[in-house]
Participant: 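Attaching a single structure in structure tokens format; questions to follow.
When a ligand or atom number is given, it counts from 1 through the structure's own listing order. Computation of the quantities below employed the complete heavy-atom set of this structure, encompassing side-chain atoms and omitting hydrogens, waters and symmetry-equivalent molecules.
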Amino acid sequence: MSLSREMPRVLTPSDLEAALKLSTAAGWNQAPEDWLRVMRLAPEGCFGIDADGSLAATATVVCYGADLAWIGMVLTDPAMRGRGFARRLMEHAIAGVSVSWIKLDATDMGLPLYRKLGFVDECAIERWAVEAAPGCLDAHPSGPADGRTSSDDQALLDDRAALGADRSALFAILEEEGHLSGRPGARAAYFGPCASATLEGAMARLCPFLDQNKGKPVYWDLFPDNRNAAGLAAEFGFKPVRRLTRMVRPGIENPKTLASDPSLIYAIAGFEYG
Ligand SMILES: CC(C)(COP(=O)(O)OP(=O)(O)OC[C@H]1O[C@@H](n2cnc3c(N)ncnc32)[C@H](O)[C@@H]1OP(=O)(O)O)[C@@H](O)C(=O)NCCC(=O)NCCS
């Protein structure tokens, strides 16, 4: 099929219904609030292509300062696939940022396109799920060690050390929403972001979230290579249900090395945020 000439445009909250239709058709967990949050965080970084009178494809790019940009919500309406829309949106998103590194979490469907665009595999990332979340004390009778809590300031510091980039804008929005440790989703509540230097620190974030969502389905995206994270998820009854690939490419020539430490990451913030 010949490529059509529809061009990327910026998405706004008025596109919410159409954008949500695409993520729902793909079986994703994003609720309306998730789309609105990414549009608020990156008002100039959410793109769509219209074709045949409707929103056909989307992609978002969120910049964390000059160090890192994150691409997400790469979706094409099943009836519009193979027309070059995702490639055009990706090229547009990449061309619009000037950061050391660009990363994303790729589904198997997205992998071939990202490889063609110069992304290489960084590590495996898995979605773990539990059908009915246990209360914290049900699964772990001793609870977080010494009843320790983890402050929100510490959460941001740990996140910076883990990712190597400053996500204070994302954290400010999540904090305002009351969603620093997790948030509702279309199919399941979502645990994360959670970065911590210690298992106890991770539990201090996990436990209140599980107690809030006791008996409900919960998703948790983690790196299987982080045995502490996978062990904690297993201890609370979570099981792996999907595997994706974290990918990276330089955004500029001679990019600055990211001082990141994935061993600190217990739960990512979301596939659209890293
Ligand atoms: C992945 C997805 C966004 C691709 O959208 P699309 O608009 O059909 O992609 P394009 O038409 O721009 O194709 C891009 C390139 O990837 C290739 N490609 C796309 N899907 C492919 C597949 N499943 N296998 C092999 N190659 C594929 C195309 O041949 C094309 O190559 P070219 O540009 O060199 O010709 C779409 O399949 C989708 O929405 N999938 C479900 C959601 C998803 O998994 N998104 C990715 C999230 S990381």
Participant: Show the numbers, then the answer: is there a salt bridge (Lys or Arg N to Asp or Glu O under 4.0 Å) between Arg40 and Glu176?
Facilitator: CA-CA 13 Å; Arg40 185 175 160 200; Glu176 186 187 301; 3.0 Å; yes

Participant: Quick one: nearest non-hydrogen protein atom to atom 11 (O) of ligand 1, plus distance?
Facilitator: Gly84 N, 2.7 Å

Participant: Does Pro262 reach the side chain of Asn226, with side-chain heavy atoms less than 4.5 Å apart?
Facilitator: no

Participant: Around atom 42 (C) of ligand 1, find the nearest protein heavy atom and jot down its residue, atom name and distance.
Facilitator: Trp28 CZ2, 3.7 Å

Participant: Carefully, step by step, assess Arg115 and Asp121 under the rule salt bridge (Lys or Arg N to Asp or Glu O under 4.0 Å).
Facilitator: CA-CA 9 Å; Arg115 291 220 165 100; Asp121 296 11; 3.0 Å; yes

Participant: May I ask you to identify the nearest protein heavy atom to atom 14 (C) of ligand 1, giving residue, atom name and distance to one decimal place in Å?
Facilitator: Leu113 CD1, 3.5 Å

Participant: I want to check something: taking the side chain as every heavy atom from C-beta on, are Leu11 and Trp35 in contact at a cut-off of under 4.5 Å?
Facilitator: yes

Participant: Under 3.5 Å between any N/O of Thr76 and any N/O of ligand 1: does that happen in this structure?
Facilitator: yes

Participant: Among all protein heavy atoms, pick the one closest to atom 26 (N) of ligand 1 and tell me residue, atom and distance.
Facilitator: Pro112 CB, 3.5 Å

Participant: Using a strict 4.0 Å threshold on nitrogen-to-oxygen distance, state whether Arg37 and Asp34 make a salt bridge.
Facilitator: yes

Participant: With a cut-off of 4.0 Å, which atoms of ligand 1 are near a heavy atom of Leu75?
Facilitator: 39 (O), 42 (C)

Participant: Could you tell me whether atom 7 (O) of ligand 1 has a protein heavy atom closer than 4.0 Å?
Facilitator: yes

Participant: Mind checking whether Val74 has an N or O less than 3.5 Å away from an N or O of ligand 1?
Facilitator: yes

Participant: Is ligand 1 under 4.0 Å from a heavy atom in the side chain of Asp105, in the backbone, in both, or in neither?
Facilitator: backbone

Participant: At what distance is the nearest protein heavy atom to atom 41 (C) of ligand 1, and which residue and atom is it?
Facilitator: Arg81 NH2, 3.4 Å

Participant: Compare Lys116, Arg88, Arg87, Met109 and give the one whose heavy atom is closest to atom 21 (C) of ligand 1.
Facilitator: Met109

Participant: Looking only at distance, does Gly110 have an N or O less than 3.5 Å from an N or O of ligand 1?
Facilitator: no

Participant: Which ligand 1 atoms does Arg83 reach within 4.0 Å, using its non-hydrogen atoms?
Facilitator: 11 (O)

Participant: Tyr266 versus Met203: any side-chain heavy-atom pair under 4.5 Å?
Facilitator: no

Participant: So if I apply the side-chain contact (heavy atoms from CB on, under 4.5 Å) rule between Phe271 and each of Ile71, Ile125, Thr107, Leu104, which one comes out positive?
Facilitator: Ile125

Participant: With nothing but distance in play, are any N or O atoms of Ala26 less than 3.5 Å from an N or O of ligand 1?
Facilitator: no

Participant: Looking only at heavy atoms, which two atoms of Asp67 and Ala165 are closest? And how far apart?
Facilitator: CB-CB, 4.2 Å

Participant: Are any of the N/O atoms in Ala86 less than 3.5 Å from those in ligand 1?
Facilitator: yes

Participant: Within the structure provided, determine whether Asp15 and Arg9 are in side-chain contact (heavy-atom separation under 4.5 Å).
Facilitator: yes

Participant: Any side-chain heavy-atom pair from Phe209 and Val218 closer than 4.5 angstrom?
Facilitator: yes

Participant: Should you measure from each heavy atom of Gly82, which atoms of ligand 1 turn up under 4.0 Å away?
Facilitator: 6 (P), 8 (O), 11 (O)

Participant: Quick check on Ala57 - does any of its heavy atoms sit under 4.0 Å from an atom of ligand 1?
Facilitator: no

Participant: Specify whether the nearest protein heavy atom to atom 44 (O) of ligand 1 is under 4.0 angstrom away.
Facilitator: yes

Participant: Between Trp101 and Glu122, is there a side-chain heavy-atom distance shorter than 4.5 Å?
Facilitator: no

Participant: Between Glu91 and Arg87, is the closest basic N to carboxylate O distance under 4.0 Å?
Facilitator: yes

Participant: Does only the side chain of Tyr114 get under 4.0 Å from ligand 1, or the backbone, or both, or neither? Count heavy atoms.
Facilitator: side chain

